[in-house]
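Since the structure comes first, as structure tokens, the remarks are kept for the end.
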Amino acid sequence: GETMNRIAAVVAGLSLAFVGTSTTFAATINVPSDYATIQGAIDASSNGDVINIAAGTYNEYNLNPNGKAITIQGTLDGDSSLETTIDAQQGGSVFVFDSGEGSESVIKDLVITGGTGTDLGSYTVGGIDCGNNSDPTISNCTISGNTADFGGGIYCRDNSNPTISGCTISDNTAGTRGGGIYCWDNSSPIISGCTISNNTAYGGGGIF
């Protein structure tokens, strides 16, 4: 009888371990009601979670999912216009994907502005900086008013292939190349249903 009980306990422990890693317990984390900052919500999140950001403007920069397969989404009003703005206020990039994120790392329904890029030493890159084999999904965002040396709006480097769909990429500036989007070093983003307009650069105003 004792042996059976021990086996049952081990089996129960195993099933708990499996349940714990399941994504069936995906949470919705609300900003600012659950966490005051978007990065705080990201740090508290697990794969499969949704971070829902209330309407308003949030002054954060270099937001980094750190490889997590999470959805970070803004709020839409009744006519589907974007109500949530993230303004980096010239502090750096707005988002940085550099941990090998896949397509299940999603940012959607956001206005992304005020980015001045990640400082890579001799130059700055990207309102959204995608590097190190990162392939996030960027959906239904307005990416405008960002500046960098390369890739004012979005910079793709080091074999990074984001999926960019339904976005408006406008009024971004690159001091050198790729006002809207810059692709470099085996990076091939999938761009569909986007409006890319009024971007400025020395080379490749819209896309380099």
Qualifying residue for side chain to side chain contact (heavy atoms under 4.5 Å, CB included) with V94, from L110, N146, T116:
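Only match with V94 under side chain to side chain contact (heavy atoms under 4.5 Å, CB included): N146.
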Which pairs count as side chain to side chain donor-acceptor pair (under 3.5 Å) when at least one residue sits in [range], sequence neighbours excluded?
range: residues 195-208; answer: N172-N199
range: residues 56-71; answer: N64-D98
range: residues 153-169; answer: D129-R157, N133-N159

Can you tell me how far the CD1 atom of I154 sits from the CZ atom of F95, to the nearest 0.5 Å?
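Taking CD1 in I154 and CZ in F95, the distance rounds to 11.5 Å.
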Heavy-atom side-chain contact between I138 and I143 under 4.5 Å:
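Side chain of I138 against side chain of I143, heavy atoms only: contact under 4.5 Å found.
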Are I181 and I164 packed together at the side-chain level, in the sense that at least one heavy-atom pair is separated by less than 4.5 angstrom?
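Yes, close enough: below the 4.5 Å cut-off.
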Could you tell me whether a side-chain N or O of S93 sits under 3.5 Å from a main-chain N or O of T118, the two making a donor and an acceptor?
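Yes, because the side chain of S93 sits within donor-acceptor range (under 3.5 Å) of the backbone of T118.
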Looking only at heavy atoms, what is the nearest atom pair of [X] and [Y], with distance?
X: A88; Y: G92; answer: CB-O, 3.9 Å
X: P65; Y: I70; answer: CB-CD1, 4.5 Å
X: G203; Y: F208; answer: O-CD1, 3.9 Å
X: S122; Y: D149; answer: O-OD2, 4.4 Å
X: A174; Y: G151; answer: CB-N, 4.0 Å
X: S99; Y: G67; answer: CB-N, 3.5 Å

Any pair with a residue in residues 27-42 that passes salt bridge (charged side-chain N to carboxylate O under 4.0 Å, His left out), sequence neighbours left out, goes on the list, sorted by first then second residue, please.
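Matches after skipping sequence neighbours: none remain.
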Check for me, please, whether I207 and V125 land in the same ILVMFWY cluster - side-chain distances under 4.5 Å, paths through other members count.
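As far as the 4.5 Å side-chain criterion goes, V125 and I207 are not connected within one cluster.
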All pairs passing ring pair (Phe, Tyr, Trp, His ring centres under 6.0 Å) where residues 126-150 contributes a residue, at least two apart:
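Matches after skipping sequence neighbours: Y123-F150, F150-Y182.
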T85 vs D87, side chain to side chain donor-acceptor pair (under 3.5 Å): CA-CA, chis, key distance, verdict
CA-CA 6 Å; T85 296; D87 184 348; over 6 Å; no
Sole candidate of D109, N52, N140 that passes side-chain hydrogen bond (donor to acceptor under 3.5 Å, both in side chains) when paired with Q73:
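The side-chain hydrogen bond (donor to acceptor under 3.5 Å, both in side chains) with Q73 is passed solely by N52 among D109, N52, N140.
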For Q39, check side-chain hydrogen bond (donor to acceptor under 3.5 Å, both in side chains) against everything at least two apart and list the hits.
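For Q39 the side-chain hydrogen bond (donor to acceptor under 3.5 Å, both in side chains) partners, ignoring immediate neighbours, are D43.
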